[in-house]
Amino acid sequence: MEIFTFDQLGLKNEILKAIDDLGFEEPTPIQKAAIPDMLKGKDLVGQAQTGTGKTAAFGMPILQSIAPDVRNPQALIMTPTRELAMQVADEIRKFSKYMHGIKTLAIYGGQPIERQIKALKAGVQIVVGTPGRILDHIRRRTIKLQDIRIVVLDEADQMLDMGFLEDMESILKEVPEDRQTVLFSATMPKEIEELAKNYQKKPKKIKVVHEEL
Ligand code: ADP
Ligand code: MG
């Protein structure tokens, strides 16, 4: 079936209402391609440039899978910079405005860790962060990993360029094996291909040619 509208993607009404408020008229190519498979729990490798709507492509399916009554992180999103972590968290909060009891937290270096520890303790289901700070929380045991079911590597090639390859791998080794792993990258250097091979289960590959919103 060819997809033209957000209603056809299988998203909940609360999310569709938020999309409407944002004025999004139709899903972008990466959203059309990724959302149905993400909702099915498949591993994905999405190759797409900046500005193609990747945050919604993973953010909306993540929201749909969260159990609001479970107060532990269920989705973990890695981004290369604090600005991107904040931006992704803000966008996900916009998509979840009609969903109750879902908390999204951004964690990154340069912000006092005590504040993040307190927020994590209070209960969050979606964590967006830079690899270094996520790993810091893992080592301090201030982030609970046992309920994580979805891991997203956003802008994976940029994280590689910033020297986060080892941190990304360390995090992937710590999260539960029974999970969905989704990787987005503008380019596919061999280190990222390897990462996909070693930490994903038969990922479906999606490639979107340049399209600016
Ligand atoms: P990327 O992560 O691929 O760089 P973003 O997810 O940040 O792209 O999206 C870029 C911009 O496009 C954001 O301002 C976002 O709100 C907007 N956007 C995303 N999806 C749609 C859509 N389907 N229709 C209109 N605008 C959209
Ligand atoms: Mg993005």
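Keep in mind that this is a model prediction, so the values were computed, not measured. Ligands are counted one by one from 1 in listed order, and the atoms in each one are counted from 1 as well.
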Contact check, side chains of T79 and E155, non-hydrogen atoms, under 4.5 Å: no
K17 and D20: CA distance, side-chain angles, deciding distance, salt bridge (Lys or Arg N to Asp or Glu O under 4.0 Å) verdict: CA-CA 5 Å; K17 225 172 129 195; D20 207 47; over 6 Å; no
Short side-chain to backbone donor-acceptor contact, Q200 and T181, under 3.5 Å: yes
Identify each donor-acceptor pair in which a side-chain atom of residues 109-121 lies under 3.5 Å from a protein atom, sequence neighbours left out, and give them as a table.
unit_1: Q111; atom_1: OE1; unit_2: Q116; atom_2: NE2; d: 2.8
unit_1: Q116; atom_1: OE1; unit_2: R133; atom_2: NH1; d: 3.1
unit_1: Q116; atom_1: OE1; unit_2: H137; atom_2: NE2; d: 2.8
unit_1: Q116; atom_1: NE2; unit_2: Y108; atom_2: O; d: 3.0

Numbered atoms of ligand 1 (with element) below 4.0 Å of T55, judged on heavy atoms: 2 (O), 5 (P), 6 (O), 7 (O)
D21-Y98 side chain donor-acceptor pair, cut-off 3.5 Å: yes
pair M188-V45: side-chain heavy atoms closer than 4.5 Å: yes
E91-ligand 1 polar pair, N/O distance under 3.5 Å: yes
Under-4.0 Å heavy-atom contact with ligand 1, by part of Q31 that carries it: side chain
Sub-4.0 Å heavy-atom approach of A48 to ligand 1: no
Polar contact flag for G51 and ligand 1 (N/O pairs, less than 3.5 Å): yes
Numbered atoms and elements of ligand 1 in range of T52, under 4.0 angstrom, heavy atoms: 1 (P), 3 (O), 8 (O)
Any F6 heavy atom less than 4.0 Å from ligand 1: yes
Ligand 1-proximal atoms of Q49, by part, heavy-atom distance under 4.0 Å: backbone
Backbone of P68 reached by a side-chain donor or acceptor of Q125 within 3.5 Å: yes
Minimum non-hydrogen distance to atom 23 (N) of ligand 1, winning option of M60, E155, E26: E26
